[in-house]
Novice: 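What follows is a structure written as structure tokens; I'll ask about it next.
No hydrogens, no waters, no symmetry mates; every other heavy atom, side chains included, goes into these values. Letters go in sequence order (proteins before strands), and every chain restarts at 1.
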2 protein chains.
Amino acid sequence: MDGRTTRQRLAVMRALADCEDFVSAQALHNLLVENGIRVGLTTVYRALRDLEASGGADVVRDDAGERLYRTRPADGHRHYLLCRACGRSRPVDSAIVEEWAGRIAASTGYAAMEHTVELTGICTTCQPSGEEGEPPCRLERAPDTQGRARNCVS
Amino acid sequence: MDGRTTRQRLAVMRALADCEDFVSAQALHNLLVENGIRVGLTTVYRALRDLEASGGADVVRDDAGERLYRTRPADGHRHYLLCRACGRSRPVDSAIVEEWAGRIAASTGYAAMEHTVELTGICTTCQPSGEEGEPPCRLERAPDTQGRARNCVS
DNA sequence: TATGGACATGGATTTCATTTTCATCTAGAT
DNA sequence: ATCTAGATGAAAATGAAATCCATGTCCATA
């Protein structure tokens, strides 16, 4: 499944595992470089793609369609609830959804069914007092490349 | 909700409704132009974005992250099962999933919950005899032979 | 009917994540 | 140590979507 074990691939896997939340390929690449690990952006993209293919990582897309990766926990969880404000994610129990998808597959005769389930919301920590006007902090692409510290603590 | 009612917006809405399946902004633009309706690509993008915002259309993303739009049926269905081979889509009953999402919101305290559910598979018509190798790839409603790669991604 | 300004259009330009290319390097089997 | 399929990465290409901005159009008001 995994290709050859190289310094770079190892580094990517470790960095991703340290994140515990969803990160973009570019963010991860930045992290690596900032930590003095020389890796090409291309390689990070490839490593993540392969990780996804081999089931070692889960992927979601943010509002901009950008791919965000997260190491798949040992228990095999695949579905997450993530906060649109801080970006933090937590696995959710999706057995019900799996069954539901299975039933649909059976009743329609569709083969090779795949499903994507994404839950987003504003976590309790990020909730202002009132409504959802403009949450405190946004995760997405910030004008400056600095403040992203929020994403990953390595 | 909707902006002003212009010739172009009407055309986009009509074309989308005629499709009955998910189409990309560009494919829709091609359709319109090929039918002699002069509309700018920019306008199609905007019309679709606005339609989505006002709940008049549902959106999914294909493997490439491209947005595909479909008119929202009158019954308010929001979730679909679509064939990865021919691109055809059918609404599915997702009440169970809605409930499930609601429960999760309640138990986690997350606010402003949103969910995305996407089901894909190979419909009975597109199923070869054996495995999922290279499905037949139906041409369906996209006239020219260009953008087809989109719909036929396996 | 005229008019002014808010809203809409669309071709061109820009952005930006991701992919491709290709010359070079390396893991790992023999 | 040698060999080679597989891996790397800088640069360039791709392509969807957003943005610009000059121009066009709707519509409430005078």
Novice: In whole Å, I'd like the distance from the CD atom of B:Glu66 to the P atom of D:dT14.
Specialist: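 So the CD-P distance, B:Glu66 to D:dT14, works out to 17 Å.
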Novice: Quick one: label B:Thr5 by what it contacts on the DNA or RNA (base, sugar-phosphate, nothing), any heavy atom closer than 4.0 Å.
Specialist: nothing
Novice: Whole-Å distance between C:dT26 P and A:Leu10 CG?
Specialist: 16 Å
Novice: Detail all sub-3.5 Å separations between protein N/O atoms and N/O atoms belonging to nucleotides 8-10 of chain D.
Specialist:
{"residue": "D:dT8", "atom": "OP1", "partner": "A:Thr6", "partner atom": "OG1", "Å": "2.5"}
{"residue": "D:dT8", "atom": "OP2", "partner": "A:Arg9", "partner atom": "NH1", "Å": "2.6"}
{"residue": "D:dT8", "atom": "O3'", "partner": "A:Gln8", "partner atom": "NE2", "Å": "3.0"}
{"residue": "D:dG9", "atom": "OP1", "partner": "A:Gln8", "partner atom": "NE2", "Å": "3.2"}
{"residue": "D:dG9", "atom": "OP2", "partner": "A:Gly40", "partner atom": "N", "Å": "2.9"}
{"residue": "D:dG9", "atom": "OP2", "partner": "A:Thr43", "partner atom": "OG1", "Å": "2.6"}
{"residue": "D:dG9", "atom": "N7", "partner": "A:Arg46", "partner atom": "NH2", "Å": "2.4"}
{"residue": "D:dA10", "atom": "N6", "partner": "A:Thr42", "partner atom": "OG1", "Å": "3.4"}

Novice: Between OG of A:Ser24 and CG of A:Asn30, what distance do you get to the nearest 0.5 Å?
Specialist: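 Reported to 0.5 Å precision, the distance equals 7.5 Å.
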Novice: Using side chain to side chain contact (heavy atoms under 4.5 Å, CB included), reason through B:Asp50 and B:Arg9 one step at a time and then give a plain yes or no.
Specialist: CA-CA 10 Å; B:Asp50 294 354; B:Arg9 270 153 134 89; 2.6 Å; yes
Novice: State plainly whether the residues A:Asp58 and A:Arg78 are in salt-bridge range, i.e. N to O under 4.0 Å.
Specialist: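 No, A:Asp58 and A:Arg78 are not salt-bridged.
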Novice: Return the value, rounded to whole Å, for the distance between atom CG of B:Asp50 and atom C1' of C:dT9.
Specialist: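 One finds 13 Å between C1' of C:dT9 and CG of B:Asp50, rounded.
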Novice: Below 30° counts as parallel, above 60° as perpendicular, anything between as tilted: where do the rings of B:Phe22 and B:Tyr80 land?
Specialist: perpendicular
Novice: Would you please indicate yes or no on a ring centroid separation below 6.0 angstrom for B:His79 and A:His115?
Specialist: no
Novice: Please state how far atom CZ in A:Arg61 lies from atom P in D:dA17, giving the value in whole angstrom units.
Specialist: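 That distance rounds to 11 Å.
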Novice: Between B:Arg7 (side chain) and B:Arg38 (backbone), is there a donor-acceptor pair under 3.5 Å?
Specialist: yes
Novice: I need the CG-P distance between A:Asp63 and C:dC16, as an integer number of Å.
Specialist: 16 Å
Novice: A side-chain contact here means heavy atoms from C-beta on lying under 4.5 Å apart; do B:Leu28 and B:Val12 qualify?
Specialist: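 A side-chain contact under 4.5 Å exists here.
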Novice: Is the side chain of A:Gln127 donor-acceptor paired with the backbone N or O of B:Gly109 at a distance under 3.5 Å, no angle test?
Specialist: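 A pair under 3.5 Å: yes.
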Novice: Let me test you: for the helix from C:dT1-D:dA30 to C:dT30-D:dA1, what is the angle between the axes at its two ends (five pairs each), rounded to 10 degrees?
Specialist: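 Both end axes considered, the difference amounts to 30°.
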Novice: What is the separation between atom OH on B:Tyr45 and atom P on D:dA16, rounded to the nearest whole Å?
Specialist: 6 Å
Novice: Which whole-number value in Å describes the distance from A:Leu28 CG to C:dA17 P?
Specialist: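 From A:Leu28 CG to C:dA17 P: 14 Å.
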Novice: Could you tell me the separation between the CD atom of A:Gln26 and the P atom of C:dC16, rounded to a whole number of Å?
Specialist: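 That distance rounds to 10 Å.
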Novice: Return the set of residues passing side-chain contact (heavy atoms from CB on, under 4.5 Å) with B:Arg14 (not counting sequence neighbours), or none when no residue passes.
Specialist: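 Once residues adjacent in sequence are excluded, the partners of B:Arg14 under the side-chain contact (heavy atoms from CB on, under 4.5 Å) criterion are B:Leu10.
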